[in-house]
Student: 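Mind looking over this structure? Questions follow.
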Amino acid sequence: MARVLHRERKEAEALAELNVAEKYAPANHKVRLLRGQVLLRLGRKVEGQAELAEAKRLFNNVLN
């Protein structure tokens, strides 16, 4: 759902959905990646970059 909202530029709603998803799957790199993108689009640069870095770290763990 959050991905659809993100595509429709409904960032606040997408962020709310992603916050719930993060509670249920905190180690999911896809959730973190999308959350980082949404935060950046909302202008929350520091938080967005931190989420993207965490997504990268989690993805690297999947590869190992």
Student: For R32 and A55, work out which heavy atoms get closest and say how close.
Tutor: CB-CB, 3.7 Å

Student: Could you state whether V31 and L42 fall into the same hydrophobic cluster, counting links through intermediate Ile, Leu, Val, Met, Phe, Trp or Tyr residues with side-chain heavy atoms under 4.5 angstrom apart?
Tutor: yes

Student: Do L33 and L40 sit in one hydrophobic cluster, given that two such residues count as connected whenever their side-chain heavy atoms are within less than 4.5 Å of each other, even indirectly?
Tutor: yes

Student: Could you check whether any side-chain heavy atom of V38 comes within less than 4.5 Å of a side-chain heavy atom of R44, counting everything from C-beta outward?
Tutor: no

Student: Going through the checks in order, is the side-chain contact (heavy atoms from CB on, under 4.5 Å) test met by V4 and K10?
Tutor: CA-CA 9 Å; V4 172; K10 296 178 181 177; over 6 Å; no

Student: Please name the residue in the list E47, E51, K45 that meets the side chain to side chain contact (heavy atoms under 4.5 Å, CB included) test with Q49.
Tutor: K45

Student: If you look only at distance, which donor and acceptor atoms sit under 3.5 Å apart when one is on a side chain in residues 11-18 and the other is two or more places apart or in another chain?
Tutor:
unit_1: E11; atom_1: OE1; unit_2: H6; atom_2: ND1; d: 3.0
unit_1: E11; atom_1: OE2; unit_2: R41; atom_2: NH1; d: 2.9

Student: Using links of under 4.5 Å between side-chain heavy atoms of ILVMFWY residues, direct or through other members, which residues join F59 in one cluster?
Tutor: L63

Student: May I ask you to test the K56-L52 pair for a side-chain heavy-atom distance under 4.5 Å?
Tutor: no

